[in-house]
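Quick notes on the structure that follows.
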Amino acid sequence: MLSLVSRCVRPLVAPVRCIYTIDRGWKPRVDLTQLQDDITSVRENTARRGLTVDLDRVIAEYKKYLVLRKELEDLKQLNRDLTAEAKKIEDPAEKKAFAANKTRPLRKKIEGAEGRVGIADTIYRQRSSSIPNVTSPHSPVGGYDQARLLEHIGERPVFHFQPAGHRSLCERHGVLKVASNGLLGSPNTAYLRGVGALLQVALSNFVLQALVAKGLEAVRPPDALRTQVTKAFGRCSPGEYDLHSMHGGTGTALTDLVLSDSGTKQLAAMFACSGRYPYRLPQKSACLTHCFRKALPAAADLFSQSQYSTVEMFGVVGPNLEASQAMLSEFTQLQRGILESLGLHARVLEMPTEELFYSAYRKINTEVWMPSCKRYCSVGTTAANHTDFLARRFQIYVGRFFPHRHEISEREFCHTVSGTVMSIPSVICAVLEAHQSEDGSVRVPECLRPFLGGQSVLVPPETNASNDSP
């Protein structure tokens with residue numbers, strides 16, 4: 001049930017357009033209206049995305065759920081009628097017999113019907129969670145090779161020597177310490193140390209401050225979340241996300257928790273679980289989060305770690321496509337400005353249908369040029385418009401709140417937009433490669449120097465040692 005509590009200091013004369021969400025206990029909901037009205041277009045959409053979904057089975061399970069729910073409602077209505085009839089009986093013996101013969105058996109039927117409705121609700125919800133969002137006409141059809149170039153960012157660096165790769169630079173600068181004792185799991189799991197640790201802190205502070213200066217609210221979300229949050233993003237089970245489960249034994253509070261692989265999930269859940277006060281639209285949040293994946297590192301470098309840090313953005317706007325597309329453009333411009341400040345050359349791609357998330361209506365990726373391998377590589381920079389897909393599943397409404405009447409009218413689902421500014425370890429690799437010198441030193445981008453004590457050049461430790469020797 002929607003929370004109607006307002007924390008306004010004084011009553012407002014005019015209705016306020018705000019976001020309202022339900023309280024705890026919510027279940028991800030999906031919109032099956034289009035599926036029932038135009039199943040052909042849904043089939044075409046899933047096919048364009050390279051997915052196989054048994055839509056007929058989804059409709060059958062949904063209709064079964066509706067039938068069982070109607071039966072339950074009829075039984076509850078009959079129970080209300082019998083309760084009203086019982087109140088009119090004055091004889092105690094007659095009232096007791098009425099309850100034994102009619103009321104109690106009916107309540108047992110209601111309990112059984114509620115159990116069947118609960119099972120049918122779970123089944124149809126699981127089936128329907130495999131249906132993706134609708135697809136933007138801007139998205140090319142096909143796989144990654146069909147991605148469309150939108151623009152280039154920055155100037156491609158030119159070297160008069162053979163640039164070293166990020167692995168070589170990380171080794172020379174002592175950025176990584178590989179855990180060779182096996183105490184951290186995979187032999188390739190590594191520590192960030194020295195310059196690497198300082199660069200991570202500097203990048204985190206610079207990016208968050210840049211986003212806050214543009215009007216985003218800084219958030220530090222928890223690293224653990226419930227599996228129902230991952231399901232709301234359009235997958236059937238957390239296993240498909242390859243997430244770490246926090247099992248604490250049957251019946252404990254940790255049974256249903258997983259470690260997140262993206263801060264977007266926590267930011268979306270922040271709106272779904274905080275329906276006790278209104279938000280003014282639009283809402284824009286940014287967070288630094290730790291990401292965890294079960295996949296073990298394939299090599300001892302910063303591009304393939306099972307735990308890493310990212311900076312994420314999440315926005316909630318009004319219930320119209322123009323607003324969400326405008327925020328998507330705003331997020332991509334923020335990403336562009338940050339990469340330009342770091343002196344990185346990149347390309348912006350309109351991602352094709354087979355590369356979209358389940359929840360994405362449109363997705364834009366930014367790939368950074370890596371001089372050593374002479375190609376563009378992903379550093380986790382992406383932005384996506386989810387339209388009302390996530391809002392329906394997290395039940396994030398927008399409406400007009402009338403404080404003096406304590407009611408909401410004109411309820412509609414919001415649109416949401418997400419963006420990953422960067423995977424910080426990957427951008428460290430890009431910065432080391434793009435700003436390297438022939439002697440192995442690395443020029444620090446001006447935007448990071450205030451966070452590194454004014455240091456303008458990173459010098460390899462062996463160079464320092466040779467300069468200090470007599």
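On a predicted model such as this, the values are computed, not experimentally measured, just so you know.
Atom OG of Ser136 and atom CD of Gln325 lie 6.0 Å apart (nearest 0.5 Å). Taking CG of Leu339 as the reference point, atom CG of Leu334 lies at 11.0 Å (rounded to 0.5 Å). Phe314 contributes atom CZ, which lies 11.5 Å from atom CD of Gln266 (distance to the nearest 0.5 angstrom). The OG atom of Ser437 sits 6.0 Å away from atom CZ of Phe161, with the distance rounded to the nearest 0.5 Å. To the nearest 0.5 Å, the span separating CZ on Phe331 from CG on Leu216 amounts to 5.5 Å.
Using a 4.0 Å cut-off between charged nitrogen and carboxylate oxygen, Glu354 and Arg48 do not count as a salt-bridge pair. Salt bridge Glu61/Arg57: present, at least one basic N to carboxylate O contact under 4.0 Å. A salt bridge is absent between Asp388 and Arg393: the closest approach of a Lys/Arg side-chain nitrogen to an acidic carboxylate oxygen does not fall below 4.0 angstrom.
With 3.5 Å as the limit, one finds a donor-acceptor pair spanning the side chains of Arg49 and Thr135. Side chain to side chain, Thr381 and Gln335 fail the donor-acceptor criterion of an N or O pair below 3.5 Å.
The neighbour count for His138 NE2, taken as heavy atoms of other residues, nucleotides or ligands under 6.0 Å away, does not exceed 12. For Glu446, the CD atom sits in a loose shell: 12 or fewer heavy atoms of surrounding residues, nucleotides or ligands are nearer than 6.0 Å. The local environment of CD in Glu155 is sparse, with at most 12 non-hydrogen atoms from other residues, nucleotides or ligands closer than 6.0 Å.
Looking only at distances, a side-chain donor or acceptor of Glu433 sits under 3.5 Å from a matching main-chain atom of His166. A distance-only check finds a donor-acceptor pair linking the side chain of Asn205 to the backbone of Val201 [under 3.5 Å]. Side-chain atoms of Ser359 never come within 3.5 Å of backbone atoms of Leu390 as a donor-acceptor pair (strictly under, hydrogens ignored).
Between His386 and Phe357, the ring-plane angle classifies as parallel under the 30° and 60° cut-offs.
In terms of heavy-atom proximity, Pro163 sits nearest to Pro371 at CG-O, 3.9 Å. Closest of all the heavy-atom pairs between Phe159 and Ala434 is CZ-O, 3.7 Å. His173 approaches Val459 most closely through the heavy-atom pair CE1-C, 3.9 Å.
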Which is it for Ser441 and Gln436 under the side-chain hydrogen bond (donor to acceptor under 3.5 Å, both in side chains) test, yes or no, and what are the steps along the way? CA-CA 6 Å; Ser441 62; Gln436 63 178 299; over 6 Å; no
Apply the test side-chain hydrogen bond (donor to acceptor under 3.5 Å, both in side chains) to residues Thr387 and Asn133: give CA-CA distance (whole Å), side-chain angles for both, the deciding distance (0.1 Å), then the verdict. CA-CA 8 Å; Thr387 60; Asn133 196 359; 3.0 Å; yes
Apply the test side-chain hydrogen bond (donor to acceptor under 3.5 Å, both in side chains) to residues His345 and Tyr376: give CA-CA distance (whole Å), side-chain angles for both, the deciding distance (0.1 Å), then the verdict. CA-CA 9 Å; His345 172 64; Tyr376 294 94; 2.8 Å; yes
Please test Arg336 against Thr366 for side-chain hydrogen bond (donor to acceptor under 3.5 Å, both in side chains), starting from the C-alpha separation and ending with a verdict. CA-CA 8 Å; Arg336 172 180 179 147; Thr366 303; over 6 Å; no
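Sorted by first and then second residue, the pairs that involve residues 193-221 and meet salt bridge (charged side-chain N to carboxylate O under 4.0 Å, His left out), not counting sequence neighbours, are Arg220-Asp223. Pairs passing the salt bridge (charged side-chain N to carboxylate O under 4.0 Å, His left out) check and including a residue from residues 357-385, sequence neighbours excluded, read Arg347-Glu367, Glu350-Arg362.
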Please output the side-chain donor-acceptor pairs of residues 447-454 that fall under 3.5 Å, not counting sequence neighbours, one pair per line with the distance.
unit_1, atom_1, unit_2, atom_2, d
Arg449, NE, Val444, O, 2.9
Arg449, NH2, Val444, O, 3.0

